[in-house]
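Taking it in order: structure first as structure tokens, then the write-up.
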Amino acid sequence: MAENEAKPALNFIEQIIEADRKTGKHDGRVATRFPPEPNGYLHIGHAKSICLNFGLAQKYGGVCHLRFDDTNPIKEEQEYIDSIKTDVRWLGFDWGRHEYYASDYFEQLHAWAVQLIQAGKAYVCDLTAEQTREHRGTLTKPGKDSPYRTRSVEENLDLFARMRQGEFPDGSRTLRAKIDMASPNLNLRDPVLYRILHASHHRTGDAWCIYPMYDFAHGQSDSVERITHSICTLEFENHRPLYDWFVRELGIFAPRQIEFARLNLTYTVMSKRKLLNLVQARHVRGWDDPRMPTISGLRRRGYTPEAIREFCRRVGVAKFDGVNDIALLEHCLREDLNKRAPRVMGVLRPLRLIIDNYPVDQTEELTAINNPEDASAGTRAVPFSRMLYIEQDDFREDPPRKFFRLAPGREVRLRYAYFVTCTDVIKDGNGEIIEIHCTYDPATRGGDAPDGRKVKGTIHWVSAAHARRVEVRLYDHLFTVPNPDDVENGKDFTSNLNPNSLEKLTESFVEPSLAGAAPGSRYQFERHGYFCVDPDSTVDAPVFNRTVSLRDSWAKIEKGQEAKPNQGETTL
RNA sequence: UGGGGAAUAGUGUAAUGGUAGCACGACUGACUCUGGAUCAGUUAGUCAAGGUUCGAAUCCUUGUUCCCCAGCCA
């Protein structure tokens, strides 16, 4: 047995669960839940919570419920419910029959409110929102009791019933818990339980005109579902005493709330409010813009669920409120895509290359490996002819130090094809290079020289006559700085938006094997990065998103050379 | 200046009184028909000061810094 192998480290929540199982709490049962409010799209931060909650249930043979926390009809919509379900499934999790809605419990919640009134623990308050705020006190000063705090049980019962009947306008009354207006925890200063909202709910329609607050709904919903471990983020830590108070006063099943640090990522924002702002202000195309940290954006960008899950596993779970490097997410993505993405050749910024000694009308098919990481992926034929496109970046008329690619007089390998030597450079009237000429060595067919000579560089290409013209969208970080919220006074996070986060290339060419590639399919464009077919694609006008670039050590060298330019060169 | 939390390499996370480890990043080098991948190596840390102890990241004391809370949002 592997009894003495080092156990993988447990995070603090797993430690709590294992301790509970050891003492036989809940008979060792584990039930968690993922409780989104359907008021926006899910993002990578939610993915952390989803992986945590569903992962714990899987690990300990328990269940994880999907519960929509839909207690505020003003902000919530069916569209969001649909997108959330799609995203959770896409991430690879299954809640089975355990799909619930806080709104399913409205009747029970109402009965519990009545129970609290009867016990003298809740009262109807006629203070306006502003007066309520004034009575609440401040962080350092205790609050004052509401003048309605001492109403009789009978009057409270009557008023609450009439609130439900719709006798009173929005905001005119609330139901409040009677706890302690002097508590240092503001959540315990007679929190509002119900507010009047004559709004139609996306599920209950017009059945209700009073709606429970989060605090009154969440814990009790957990209790109804017999959730054992109710995992939420740090900002709810202050709410735990209230969570426990309801459970205790009502005498119902008591789940345990545990708080962990939400995910933060460099070079992006994560709050729903800011994401919504980006969408509404049209800084991005929509919730699923490939630059967004939303699940739908990442999906469209070409991320895999596996990569996201692995990322969530690696960031860990703790109570430290820190920031994760987006480079880790990208690492997990490359790691996954490297194993599974078929390789193809695509030229993003084309430069014509003509092989002068290659027969004018000849075309031949060369064999290319589909995935060097996966022998079972096989090979494919790539057409080759006299006129090719190569990458503009792969040619320099005046090559810098350590540049291994094509330059006048230099010989390089065309991937899977031949060695070619540059013999001439053609420019237009403006001095722009428009075409280069080469000779090829027929003996190097396939890419190996029988005489054993080596070349420093191998570049990719497409045959001009056979290539498909496509649009390519290159993405960069949405923000130019690691922490977009770090702004000067008077500015907001949008001042850190990266103006170059999207670059569209409309003059790119890919090898013909890509014709008809389905939206969502992923490829590695050799030497560039991973790309996927965008849903905007049509048969005649394919669109590729760059999911993530390959690591580029030449770019680093070049950047280093820029940092310390050659002496003798002057800049005007 | 009330209350609740948190501090371990650049970043994230382990070590639960007994050798401070892992991952990402950065930097070397090897290899290579992708300047990819892979492999090898280097770099770098216990917030501070006291105390307890044979021994402290861990326990105690004091301090520092950061996060959260004054919605009829969640």
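So you know, we letter chains A, B, ... as the sequences are listed, proteins then strands, and number each from 1. Just the heavy atoms: all of them, side chains too, but no hydrogens, waters or symmetry mates, feed the values below.
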Which donor-acceptor pairs under 3.5 Å do the side chains of residues 547-554 of chain A make with protein atoms, sequence neighbours left out?
residue   : atom : partner   : partner atom : Å
Thr547(A) : OG1  : Arg301(A) : O            : 2.7
Asp552(A) : OD1  : Trp554(A) : N            : 3.2
Asp552(A) : OD1  : Ala555(A) : N            : 3.0

Worksheet item: Whole Å only: how far is the CZ atom of Arg176(A) from the P atom of rA70(B)?
Response: 15 Å

Worksheet item: Expressed as a whole number of Å, how far does the P atom of rC54(B) sit from that of rG45(B)?
Response: 30 Å

Any N/O pairs under 3.5 Å between the protein and nucleotides 71-74 of chain B? List them or say none.
residue : atom : partner   : partner atom : Å
rG71(B) : OP2  : Arg136(A) : NH2          : 3.1
rC72(B) : OP1  : Arg136(A) : NH2          : 3.3
rC72(B) : OP2  : Arg136(A) : NH1          : 3.1
rC72(B) : N3   : Gly171(A) : O            : 3.3
rC72(B) : N4   : Leu127(A) : O            : 2.7
rC72(B) : N4   : Ala129(A) : N            : 3.0
rC72(B) : N4   : Gly171(A) : O            : 3.1
rC73(B) : OP2  : Arg195(A) : NE           : 3.0
rC73(B) : OP2  : Arg195(A) : NH2          : 2.8
rC73(B) : O3'  : Arg195(A) : NH2          : 3.2
rC73(B) : O2'  : Asn72(A)  : ND2          : 3.1
rC73(B) : O2'  : Lys75(A)  : NZ           : 3.4
rA74(B) : OP1  : Thr71(A)  : OG1          : 2.7
rA74(B) : OP1  : Arg195(A) : NH1          : 3.3
rA74(B) : OP1  : Arg195(A) : NH2          : 3.0
rA74(B) : OP2  : Tyr214(A) : N            : 2.9
rA74(B) : O3'  : Asp69(A)  : OD2          : 3.4
rA74(B) : N6   : His239(A) : NE2          : 3.2

Discussion item. Below 30° counts as parallel, above 60° as perpendicular, anything between as tilted: where do the rings of Tyr41(A) and Tyr80(A) land?
Written reply: perpendicular

Item to complete: Go through RNA chain B and write down every stem, that is, every run of at least three consecutive Watson-Crick or G-U wobble pairs with distances under 3.5 Å, as range with range.
Response: B:2-7 with B:64-69, B:10-13 with B:21-24, B:26-30 with B:38-42, B:47-51 with B:59-63

Discussion item. Work out how far the P atom of rA44(B) is from that of rU11(B), and round it to whole angstrom.
Written reply: 15 Å

Worksheet entry | C1' atoms of rA9(B) and rC27(B), separation to the nearest Å | 15 Å

Fill in: rC22(B) versus rC72(B) - spacing of their C1' atoms, nearest Å
48 Å

Discussion item. Quick one: does any side-chain atom of Glu373(A) pair with a main-chain N or O of Arg340(A) as donor and acceptor, under 3.5 Å?
Written reply: no

Fill in: Inter-nucleotide P distance (rG63(B), rG3(B)), Å rounded
13 Å

Which atoms of nucleotides 34-41 of chain B (N or O only) lie under 3.5 Å from a protein N or O atom, and what are those distances?
residue : atom : partner   : partner atom : Å
rU34(B) : O5'  : Arg415(A) : NH1          : 3.4
rU34(B) : O4'  : Glu526(A) : OE1          : 3.3
rU34(B) : N1   : Glu526(A) : OE1          : 3.4
rU34(B) : O2   : Gln524(A) : OE1          : 3.0
rU34(B) : O2   : Arg527(A) : N            : 2.8
rU34(B) : N3   : Gln524(A) : OE1          : 2.5
rU34(B) : O4   : Arg343(A) : NE           : 2.5
rU34(B) : O4   : Arg343(A) : NH2          : 3.0
rG35(B) : OP1  : Arg527(A) : NE           : 3.4
rG35(B) : OP1  : Arg527(A) : NH1          : 2.7
rG35(B) : O3'  : Ser553(A) : OG           : 2.9
rG35(B) : O2'  : Ser553(A) : N            : 3.4
rG35(B) : O2'  : Ser553(A) : OG           : 3.1
rG35(B) : N7   : Arg405(A) : NH1          : 2.6
rG35(B) : O6   : Phe404(A) : N            : 2.7
rG35(B) : N1   : Lys402(A) : O            : 2.6
rG35(B) : N2   : Lys402(A) : O            : 3.3
rG36(B) : OP1  : Ser553(A) : OG           : 3.1
rG36(B) : N2   : Arg343(A) : NH2          : 3.4
rG36(B) : N2   : Glu373(A) : OE2          : 2.9
rA37(B) : OP2  : Arg551(A) : NH1          : 3.4
rA37(B) : O2'  : Asn338(A) : ND2          : 3.1
rA37(B) : O2'  : Glu373(A) : OE2          : 3.2

Worksheet item: Considering residues, nucleotides and ligands other than Lys59(A), do more than 12 of their heavy atoms fall under 6.0 Å from its NZ?
Response: yes

Discussion item. Angle between ring planes, Tyr214(A) versus Phe236(A), binned at 30° and 60°: parallel, tilted or perpendicular?
Written reply: tilted

Worksheet item: Contact class for Leu139(A) (heavy atom, under 4.0 Å): base, sugar-phosphate, or nothing?
Response: base

Worksheet item: Residues in salt bridge (charged side-chain N to carboxylate O under 4.0 Å, His left out) with Lys144(A), at least two apart?
Response: none

Item to complete: Answer yes or no: is there a donor N or O on one side and an acceptor on the other, between the side chain of Arg334(A) and the main chain of Cys332(A), under 3.5 Å?
Response: no

Worksheet entry | C1' spacing across the pair rA15(B) / rU58(B), given as an integer number of angstrom | 9 Å

Fill in: Pair of N/O donor and acceptor under 3.5 Å linking rG2(B) base with Asn185(A) side chain
no

Discussion item. I want to check something: taking the side chain as every heavy atom from C-beta on, are Pro191(A) and Phe216(A) in contact at a cut-off of under 4.5 Å?
Written reply: no

Item to complete: Indicate the ring-plane relationship of Tyr194(A) and His110(A), choosing parallel, tilted or perpendicular according to the 30° and 60° boundaries.
Response: perpendicular

Practice prompt. Classify the ring geometry between Phe531(A) and His528(A) as parallel (under 30°), tilted (30 to 60°) or perpendicular (over 60°).
Written response: perpendicular

Fill in: C1' atoms of rC47(B) and rA6(B), separation to the nearest Å
12 Å

Worksheet, complete the sentence: 5' to 3', nucleotides 12-18 of chain B under a 4.0 Å protein heavy-atom cut-off (B base, S sugar-phosphate only, - none) gives SSSSB--

Worksheet item: Any idea if rG29(B) is syn or anti, going by the 90°-from-0 cut?
Response: anti

